[in-house]
Chemist: 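Can you keep this structure in mind? I'll have questions shortly.
As the structure is a computational prediction, the values presented were derived from the model and not from experiment.
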Amino acid sequence: MEAPAGCGCKGIRSCLLCEGPAQAAPPPQGEDNFTYCPASGLAVGNEHSEFAGWAFPFPGVSLLEEFITEDEEAEIVELMDRDDWKPSQSGRRKQDYGPKVNFKKQRLKAGSFSGLPSFSKKIVAQMEACPVLGDFFPVEQCNLDYRPERGSAIDPHFDDCWLWGERLVSLNLLSPTVLSMSRDSEDSIQLFPVAGKGNGEGSLRGALPAGGDAGRERSERLVPPPRLVGSREVRVGIALARRSLLVLRGAARYGWKHSIHRRHIRRRRVGVTFRELSAEFSPGGAQEELGRELLGIALSFRGRPV
């Protein structure tokens with residue numbers, strides 16, 4: 001059956017354009033039962049979930065709000081909209097600025113890649129002032145357009161590790177949304193009771209008892225013991241404000257899948273993701289020369305969508 005105009009869905013993926021009345025919509029994703037708190041670095045159990053009052057450390061996330069101004073945001077989106085958007089899966093539209101890649105066969109060449117777009121030069125320069133991005137050199141940029149009328153979403157996934165390096169950087173434009181983090185592993189997560197204010201503003205109770213043996217004994221009497229839960233039972237929502245910049249690295253990059261659910265797209269949203277090269281394509285890596293070539297093209301900032 002031919003896909004409707006504007007639909008880029010393949011395989012099991014679908015959107016509101018291709019989900020006809022006779023076709024059941026995809027099963028709903030589970031609700032996020034924890035929320036990430038930037039102030040504490042904790043994933044805190046949501047009030048109406050079974051994990052209310054519990055939390056655990058969630059490392060590898062940096063969230064910078066108001067990374068650009070409203071005027072800069074408007075200019076960036078206006079420049080994007082001058083170029084064509086291509087239909088993508090699950091109701092998204094996309095613009096790619098990057099090399100031609102076959103991830104299954106691990107083959108890579110520049111192809112028609114002519115660099116990142118000119119408007120990204122200022123964004124990349126602003127990144128250099130961030131402690132976690134001082135040596136971040138993006139070699140690829142992907143713009144994704146989400147709209148509620150198309151049922152836009154993106155399934156839980158890991159970004160490729162062969163070509164893309166540790167840090168994934170995303171700029172959230174036009175409307176707020178939620179990045180949902182989940183795991184498929186069979187291991188367990190240790191939860192701790194939360195002390196102080198809710199929403200992660202307090203600290204973990206019982207994680208690091210103070211005062212030597214006496215303090216430890218008091219802690220054991222007054223604080224509930226840590227709680228173990230299966231990783232698959234835990235879903236963490238990271239709230240992304242409009243014009244915020246998100247960096248995922250370490251455990252958040254490699255240990256947790258990320259997704260955006262349909263229910264979290266209420267107005268047009270544009271996500272701009274920047275990726276760096278992996279160690280294989282960086283200085284000292286087996287494909288250092290190719291990596292240098294691609295990075296030189298990327299940072300010319302003369303690109304058009306490929």
Chemist: Can you tell me how far NZ of K10 sits from SG of C18, rounded to the nearest 0.5 angstrom?
Modeler: 13.0 Å
Chemist: Can you name the nearest heavy-atom pair linking L248 to A252, along with the distance?
Modeler: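 Minimum heavy-atom separation between L248 and A252: CD2-CB, 4.1 Å.
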Chemist: Among the clusters formed by ILVMFWY side chains lying less than 4.5 Å apart, do Y36 and I189 turn up in the same one?
Modeler: yes
Chemist: Honestly curious: do V169 and V61 fall in one hydrophobic cluster under the side-chain, below-4.5 Å linking rule?
Modeler: no
Chemist: Sequence neighbours excluded, which residues qualify as side chain to side chain contact (heavy atoms under 4.5 Å, CB included) partners of P156?
Modeler: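 Listed in chain order: Q29, S182, K257, S259.
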Chemist: H48: which residues meet the ring pair (Phe, Tyr, Trp, His ring centres under 6.0 Å) condition with it, sequence neighbours left out?
Modeler: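 Ring pair (Phe, Tyr, Trp, His ring centres under 6.0 Å) list for H48, sorted by chain: empty.
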Chemist: With side chain to side chain donor-acceptor pair (under 3.5 Å) as the criterion, how do S185 and D187 come out once you've worked through the C-alpha distance, each side chain's angles and the decisive distance to 0.1 Å?
Modeler: CA-CA 6 Å; S185 62; D187 60 354; 2.5 Å; yes
Chemist: Check whether W54 and M181 end up in the same hydrophobic cluster, where Ile, Leu, Val, Met, Phe, Trp and Tyr are linked by side-chain heavy atoms less than 4.5 Å apart.
Modeler: yes
Chemist: Below 4.5 Å, heavy atoms only, C-beta onward: do T177 and R269 meet side chain to side chain?
Modeler: yes
Chemist: State whether a side-chain donor-acceptor pair under 3.5 Å links N172 with R243.
Modeler: no
Chemist: Measure the spacing between CD1 of I238 and SG of C37 and express it to the nearest 0.5 Å.
Modeler: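 Rounded to the nearest 0.5 Å, the CD1-SG separation comes to 11.5 Å.
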Chemist: Taking all atoms of both residues into account, what is the closest heavy-atom pair of K100 and G111, and its distance?
Modeler: CB-CA, 4.5 Å
Chemist: According to a hydrophobic-cluster definition based on side-chain heavy atoms being under 4.5 Å apart (Ile, Leu, Val, Met, Phe, Trp, Tyr only), do Y146 and L173 belong together?
Modeler: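 Hydrophobic grouping puts Y146 apart from L173.
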Chemist: For the aromatic rings, using the six-membered ring if either is Trp, is the centroid distance between W162 and F281 under 6.0 Å?
Modeler: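 That pair passes the under 6.0 Å test.
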Chemist: Got L245 and L63 here, is their nearest side-chain heavy-atom distance under 4.5 Å?
Modeler: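 No, every pair of side-chain atoms sits at 4.5 Å or beyond.
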Chemist: Is a side-chain N or O of S231 found less than 3.5 angstrom from the main chain of E186, in a donor-acceptor match?
Modeler: no
Chemist: For the CZ atom of F136 and the CD atom of E166, what is their distance to the nearest 0.5 Å?
Modeler: 11.0 Å
Chemist: In sequence, state the C-alpha distance, the side-chain angles, and the governing distance for H258 and F158, and then conclude on side chain to side chain contact (heavy atoms under 4.5 Å, CB included).
Modeler: CA-CA 7 Å; H258 57 275; F158 291 112; over 6 Å; no
Chemist: CZ/F103 to CG/D160 distance, rounded to the nearest 0.5 angstrom?
Modeler: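 The distance works out to 4.5 Å.
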Chemist: Below 4.5 Å, heavy atoms only, C-beta onward: do V270 and L144 meet side chain to side chain?
Modeler: no
Chemist: Donor-acceptor pair, S152 side chain versus R147 backbone, under 3.5 Å?
Modeler: yes
Chemist: What's the shortest heavy-atom distance between G165 and R253, and which atoms?
Modeler: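 Heavy-atom minimum between the residues: O-NH2, 2.9 Å.
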Chemist: Do V236 and R183 touch side chain to side chain, with heavy atoms closer than 4.5 Å?
Modeler: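 Answer no - side chains too far apart.
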Chemist: With a 4.0 Å cut-off on N to O distance, would you call R268 and D145 a salt bridge?
Modeler: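 A salt bridge links R268 with D145.
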Chemist: Starting from L246, can I reach I265 by hopping between I/L/V/M/F/W/Y residues whose side chains sit under 4.5 Å apart?
Modeler: yes
Chemist: Measure the shortest side-chain to side-chain distance between Y97 and F274 over non-hydrogen atoms and say whether it is less than 4.5 angstrom.
Modeler: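 Y97 vs F274: side chains apart.
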Chemist: Assess whether side chain to side chain donor-acceptor pair (under 3.5 Å) is satisfied between S120 and Q141, documenting all intermediate values.
Modeler: CA-CA 9 Å; S120 292; Q141 175 179 330; 2.6 Å; yes
Chemist: I need the minimum non-hydrogen distance between V178 and G237, along with the two atoms involved.
Modeler: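 Nearest pair, atom of V178 first, then G237: CG1-CA, 3.8 Å.
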Chemist: Below 4.0 angstrom, N of the basic side chain to O of the carboxylate: do R242 and E65 qualify?
Modeler: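 Here R242 does not pair with E65 in a salt bridge, since their nearest N and O are not under 4.0 Å apart.
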Chemist: Given 3.5 Å as the limit, does a donor-acceptor pair link the side chain of E288 with the main chain of G284, or not?
Modeler: yes
Chemist: Which heavy-atom pair separates C7 from P87 by the least distance, and what is that distance?
Modeler: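 Where C7 meets P87 most closely, the heavy atoms are C-CB, 4.1 Å.
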Chemist: Just to verify, what does F51 make a ring pair (Phe, Tyr, Trp, His ring centres under 6.0 Å) with, not counting sequence neighbours?
Modeler: F34
Chemist: Supply the atom-to-atom distance R150 CZ to L16 CG, rounded to the nearest 0.5 angstrom.
Modeler: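 Those atoms lie 10.0 Å apart.
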Chemist: Any Lys/Arg nitrogen of E149 or R266 sitting under 4.0 Å from an Asp/Glu carboxylate oxygen of the other?
Modeler: no
Chemist: Walk me through it: do E78 and I76 pass the test side chain to side chain contact (heavy atoms under 4.5 Å, CB included)?
Modeler: CA-CA 5 Å; E78 193 273 331; I76 289 169; over 6 Å; no
Chemist: Of V272, D81, D83, which meets side chain to side chain contact (heavy atoms under 4.5 Å, CB included) against Q95?
Modeler: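 It is D83; the other options fail the test.
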Chemist: Between F56 and W256, how do the two ring planes meet: parallel, tilted or perpendicular, split at 30° and 60°?
Modeler: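 Taking W256 first and then F56, their aromatic rings lie parallel (interplane angle under 30°).
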Chemist: I'd like to check R275 versus C142 (side-chain heavy atoms, cut-off strictly below 4.5 Å). Are they in contact?
Modeler: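 Counting from C-beta outward, R275 and C142 do come under 4.5 Å.
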Chemist: Charged N to carboxylate O under 4.0 angstrom, D159 versus R167?
Modeler: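 Looking at D159 and R167, the cut-off is not met.
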Chemist: Would you call K122-E72 a salt bridge at under 4.0 Å N-O?
Modeler: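 So K122 pairs with E72 through a salt bridge.
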Chemist: State, to 0.1 Å, how close V124 and P138 come at their nearest heavy-atom pair, and which atoms those are.
Modeler: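 Shortest heavy-atom contact: CG2-CG, 3.8 Å.
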Chemist: Verify, without hydrogens or angle tests, whether R92 (side chain) and Q89 (backbone) share a donor-acceptor contact under 3.5 angstrom.
Modeler: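 Judged by distance alone, yes, a pair lies under 3.5 Å.
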Chemist: For R262 and G151, indicate whether the former's side chain and the latter's backbone hold a donor-acceptor pair under 3.5 Å.
Modeler: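 Checking the backbone N and O of G151 against the side chain of R262, a donor-acceptor pair under 3.5 Å is found.
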Chemist: Could you give the distance from CG (L108) to CG (N102), rounded to the nearest 0.5 Å?
Modeler: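 That separation rounds to 10.0 Å.
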Chemist: Can you tell whether the side chains of R249 and E276 come within less than 4.0 Å, N to carboxylate O?
Modeler: no
Chemist: Go through the steps for E280 and Q106 under the test side chain to side chain contact (heavy atoms under 4.5 Å, CB included), then give the verdict.
Modeler: CA-CA 12 Å; E280 181 172 341; Q106 293 193 342; 5.7 Å; no
Chemist: How about Q126 and I68: do any of their side-chain heavy atoms sit closer than 4.5 Å?
Modeler: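 When only atoms from C-beta onward are counted, I68 and Q126 do touch, with a gap below 4.5 Å.
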Chemist: Would you say C9 and C15 make side-chain contact, with heavy atoms under 4.5 Å?
Modeler: yes
Chemist: Run the salt-bridge test on D84 and K86 with the 4.0 Å N-O cut-off and return the result as yes or no.
Modeler: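 Here D84 does not pair with K86 in a salt bridge, since their nearest N and O are not under 4.0 Å apart.
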Chemist: May I ask you to check whether over 12 heavy atoms, not counting those of R302, lie within 6.0 Å of atom CZ?
Modeler: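 No, because the 6.0 Å sphere around CZ of R302 holds 12 heavy atoms or fewer from other groups.
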Chemist: Treating H261 as the side-chain partner and S180 as the backbone partner, does any N or O pair qualify as donor plus acceptor under 3.5 Å?
Modeler: no
Chemist: Side chain to side chain contact (heavy atoms under 4.5 Å, CB included), that's the test. Do V44 and T35 meet it? Break it down for me.
Modeler: CA-CA 5 Å; V44 182; T35 296; 5.6 Å; no
